[in-house]
Each structure stands twice: as structure tokens, then as C-alpha cells.
Amino acid sequence: MLLIFAFSDCSKQPGSGGLAGLKPCRLPGIDEKLLCGQLTVFENRLTRAGRTIDLNVVVLPAFDQNTKAEPLFDLAGGPGAAATEGATFYAGQGKGYRRRRDVVLVDQRGTGKSNPLSLPGKRTPEDYVSEMYPVDYVKSLRQTLERRADLTQYTTSIAMDDLDDVRARLGYDRINLIGSSYGTRAALVYLRQHPERVRTVTLIGVAPTYLKMPMYHAQAAARAMELLLQQCEQDAQCHQAFPQIRDDWTNVLSQLGREPARVKYSPSDKSAPVNLEIQRDIFAERIRTWMYGRDQASRIPLIVHHAAQGDFGPFLREAIRPSIPDFIADGVYLSVTCAEDIPFINQEEAAKLNAGNPFGNYRVFQQTRACSMWPQGKIPPDFREPVSSNVPVLLFSGNMDPVTPPQRGEEVALYLPNSRHVIIPQAGHGFDGLAEPECVDRIIMEFMETGEAKDLDVGCLERMVQPPFEKDPIDDRAVNGGATDDRGRNGSRAEHFDFARSPNRPCHPKAAR
């Protein structure tokens, strides 16, 4: 009730003294009252004139208000995911974080309910197997969004100044930051711009400011795929089910490289079958993204094995359903990466680096072309410099991460003398799909209590094992839709998991989308 009283008469004028309308609220799927409100900021923070943005804010109050400590601000991934989607976690499995701390979730400008830079619409089966950024889509997206947004004003540095406005309006002196994937870059930027306001930082799947995403996506993915293939070969059941999995992987890429697969797909909603084309680069890109979480990665050998035989049923069952892109505001993704990453990629260097890589130069091409049609925002002169700080920082990397491998965590930690970098042996990009995910949460909560990373007990990380590899499931086309390739072979059914949400925290792994 203290928070409600403190902001009961605030104004929506940018730069005024409080958050507008912070009041008790209920969110879907959460059986308790939270606090919701908006903070109005200028879209152009430099001129402080013209269009404004209402930042969507959700506060999950600490349970013990008498001994309340510094709050936790959770920064979402993407770029383009909505932080307030994490409220479900902090109202459920993540309640432990709120024992003595408010949890504050702010939809970054352009995401969630903060002037979202996205186009609503239902995706078709064709959309799920199309290229990442079709030219017509990017042109239409820009044309539509520019009616209500200056697309150069949605960079990380600007958004982190927004976040500090929220901190100030809520009356917090110092805060704890936690970020996953792109959220780690955002946290590092906030740490550099507002160092006196940060008590601790936790980074999961570290994306440095200088990473030049997606230049190294293929390199990191090839490393993760090699580790995955090795695990399958060393696992008795996986090896028995797919004894030539390495050859299967090479062969399917070779076959698709010669000629795309043409597949007849029967949607699960009983609508008319559609003819789909599966191109090599798109197939490989889907495999890459499925390595982010170990639950989906456990199905990759089955998918690859069947695809090598011309059966794309398991592939399509996994590909044609809500996934990461459905929860990301593409306008934010482009506004961020077209300002902070793509301009610094040497195209010849990228082509040489990714030559011969099974994942190729697809992502560099797709995003470079999209950015050629997108307005470019400005970033501070020192943006791409490593972030240095003496603030306590705890970094987590997954050994199996296909986009921000442990190398990135090691690099960032070099400039953070009061930090500790912990590698989770079986984790991907985050710790989705592993046993005992609460292990990481316990470590983070202890770190925030003590403000000291060096002496943390991380022994439980060894018990965070990956799920077993999936073997051939039962064909269930009548229930879940079927796929038949151009030779008439039926596709088999692969079980579905909701990868858009982690079992213990929101998964927004498109740091690296």
C-alpha cells in the first residue's frame, strides 16, 4: 500500500513527479493483485518534444515490506520481448525472489504495451517456413510503423534511460538487474550509463555490446551442433536409434542444397492441405534455434534422421506452431540491430568466416538486407566498448549455447573485476529443459542477498542434466496434422513443448534471434 499511496496523484506529463495510474491490478493467469501503471516519456529523449510513449510497468511487491531490500528489475531478451510477460514466473515458481524485494517489470519501448513495434496477424504454415525477413514484409512493416513511431528512437541506450526514469519515479535508490540474452546487453548498457544506481547484476547467456550480431551466429551454432552430435553418439539409446546421425546431418543439408524439399502439409485445424517448400538455409536456421533450449534440442536427432530420408513430418510438426518470433516485436529487433550491430559487420569478412559452415551466412544476409531498408538510429561513441565496472556481477553461460557460447561470458568478465562466470555444462541459451532449474534461481537469490559472487556454492549445476533424446514417436497425423513429401512418404508426429516460455522463467532468446 505504500507504493500505491506514493503515486496516487501522479501526472502523465513527461518529466513529472510520478508514475501515472500505478494501482492494484490483476493479470491473466495470476491469482494475486499486483501493481500496474504507466510512465510517459518523450519518444525523442534528446529534443524532449513531440510524440510520447506510455511505458507499461508491472510491480510485484515484496512479501516482507518491513525488511524490504533493493528491488529486482528483470530485463527481457529479444530484442523485442515484453518484460511484463515474466510476471507469471514471479507470481509462481519465482516467488522466492520477492521475499524481501519488489520485482519491477518494464516493457521496453516498442515492446509489450509500450507502443509495440509489431504487426498483428495470424501466421500461415507458409510463413513458418519462409525466410526471416522477406523484402515485402520489411517494407510494409516500416511503412506501417512509421505512422506512429520514429524508428531511430528505439535503441538500447535510449531504452535504458527510460528504465532509469522508472527507477527514479518509483523512488528506488539502487536496484538489482537480471537479464537474459539480449537482456544482458541491456543490463550492461544500463550499468555503464547509470553505474551509481546498480547494486548487483546477473547475466544469463551473455551478449556483449560489441558482438556484431549475427556475424558469429553460424560459428556458435556449429560448435553447439558438434557437441549435440557427440552427445547423441555417446548416448546408447540415441546412437541405437540414429546410428549414422552425423551422416544424416551432412546428407540432408547436401540434399536440400541441391534442391528444396516440396512437402504436402495437412494443418491440425483440418483445413485444406498446403504445398510447402523447405529450403536448405531455412531448415538449418530452424535447427539452430531449436538448440536454444535442451527440450527442443533433444528432438533434433529424430528430426534430422527423418529429414535425411525425405520425411519432413517431424520437422514441420516442430516448425509450424507458435515459437520465438511470435513473441518478438520485429520493429524493435530491427531498430536495435540495424543501429548497434549490422553497420559494423564487414560483409567480406563475414562471408569468409561462415564459408563451409553448415549454418552458412544466411542470418548475416537476411539482416543486412533488412537493415538496408530500415532507418538507422544513432548510438553513443563508446557503445561498442566493453563495459567496465566494480559492481558485483554474476554471469551464466551454457556450454551448449548455439548463439552466446561461454567465450562471450569470459570476454565480458575480464572487464568486471568483482564478477564470477559460471558455465552450466548441459545448458543451452539459458537453462530451459534441464532438470532442477530452480538450482540457478537459488544461486541468484543468494547472490542478491550477499552481493558477493566469489564464494557461491554452485555444486547443484552438475545435477542439471538434459532430457533424454527423443526416439521415433507414434505417427498421429489424424490428431496433429500430417506431412507428406513429394514421394508420398508420411510424416511422423513429434511431441510439442511451448518453447516460447521456459519452465521457470520467460525464454526470450532472440539476442540472437
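Worth saying up front: this structure is predicted, and the values here are computed from it rather than measured.
- Using cut-offs of 30° and 60° for the angle between ring planes, the H305 and F242 rings count as tilted.
- Judged by distance alone, with hydrogens and angles left aside, the side-chain atoms of T209 form a donor-acceptor pair with the main-chain N or O of F383 at under 3.5 Å.
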(request) Would you check, one step at a time, whether the test side-chain hydrogen bond (donor to acceptor under 3.5 Å, both in side chains) holds for D74 with Y97? (result) CA-CA 11 Å; D74 191 324; Y97 285 93; over 6 Å; no
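- Interatomic distance, H429 NE2 to R288 CZ, rounded to the nearest 0.5 Å: 9.0 Å.
- Looking only at atom types and distance, the side chain of Q279 has no donor-acceptor partner in the side chain of Y362 under 3.5 Å away.
- Closest approach of T368 and Q347 over heavy atoms only: OG1-NE2, 3.2 Å.
- Note that CD of Q93 is 10.5 Å distant from OG1 of T88, once rounded to the nearest 0.5 Å.
- Side-chain atoms of D401 come within 3.5 Å of backbone atoms of T404 as a donor-acceptor pair (strictly under, hydrogens ignored).
- Below 30°, between 30° and 60°, or above 60°: for W249 and F359 the angle between ring planes is between 30° and 60°, a tilted geometry.
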(message) Using side-chain contact (heavy atoms from CB on, under 4.5 Å), reason through M160 and Q108 one step at a time and then give a plain yes or no.
(response) CA-CA 8 Å; M160 291 305 99; Q108 182 172 319; 4.1 Å; yes
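- Here the OG-CG distance, from S140 to L145, works out to 8.5 Å after rounding to the nearest 0.5 Å.
- Electrostatic pairing of R408 and E411 counts as a salt bridge here, judged by a charged N lying under 4.0 Å from a carboxylate O.
- In this view, Y216 satisfies the ring-ring contact (aromatic ring centres under 6.0 Å, His included) rule with no residue, not counting sequence neighbours.
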(request) Decide side-chain contact (heavy atoms from CB on, under 4.5 Å) for T202 and L72; before the verdict, give the C-alpha distance in whole Å, the side-chain angles of both, and the deciding distance to 0.1 Å. (result) CA-CA 10 Å; T202 301; L72 169 63; over 6 Å; no
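- Shown here for A319 and Y128, the closest heavy-atom pair between the two residues is O-CD2, 3.2 Å.
- E226 has no carboxylate O lying under 4.0 Å from a charged side-chain N of R223, or vice versa, which leaves the two without a salt bridge.
- Between I300 atom CD1 and L228 atom CG the span is 5.5 Å, to the nearest 0.5 Å.
- Between the D107 side chain and the K113 main chain, a donor and an acceptor come within less than 3.5 Å of each other.
- The environment of CD in Q237 is sparse: at most 12 heavy-atom neighbours from other residues, nucleotides or ligands sit within 6.0 Å.
- Just one residue in the list T337, I342, D341, V403 forms a side-chain contact (heavy atoms from CB on, under 4.5 Å) with P214, and that residue is I342.
- The cationic group of R286 does not satisfy the cation-pi geometry with F315, failing either the under 6.0 Å distance to the six-membered ring centre or the 45° limit from the ring axis.
- In this structure, the side chain of S130 engages the main chain of D127 through a donor-acceptor pair within 3.5 Å.
- In this structure, OH in Y133 is found 4.0 Å from CG in D330, a value given to the nearest 0.5 Å.
- Without hydrogens or angle criteria, S335 side chain to L151 main chain gives a donor-acceptor distance under 3.5 Å.
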Distance-only check: which donor-acceptor pairs under 3.5 Å involve side-chain atoms of residues 459-469, not counting sequence neighbours?
unit_1	atom_1	unit_2	atom_2	d
R463	NE	E436	OE2	3.4

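- When all heavy atoms of V201 and F447 are compared, the closest pair comes out as O-CE2, 3.5 Å.
- At a cut-off of 3.5 Å, with distance as the only test, a side-chain donor of Q231 or Q426 sits close to an acceptor on the other residue.
- In this structure, the separation between CG on L302 and CG on D248 is 10.5 Å, given to the nearest 0.5 Å.
- Side-chain atoms of R299 never come within 3.5 Å of backbone atoms of E318 as a donor-acceptor pair (strictly under, hydrogens ignored).
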(request) With side-chain hydrogen bond (donor to acceptor under 3.5 Å, both in side chains) as the test, would you mind laying out the steps for S254 and R258 before giving the verdict? (result) CA-CA 6 Å; S254 178; R258 291 192 297 270; 2.8 Å; yes
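- Using a distance-only test at 3.5 Å, with no hydrogens or angles considered, a donor-acceptor pair links the side chain of R185 to the main chain of P208.
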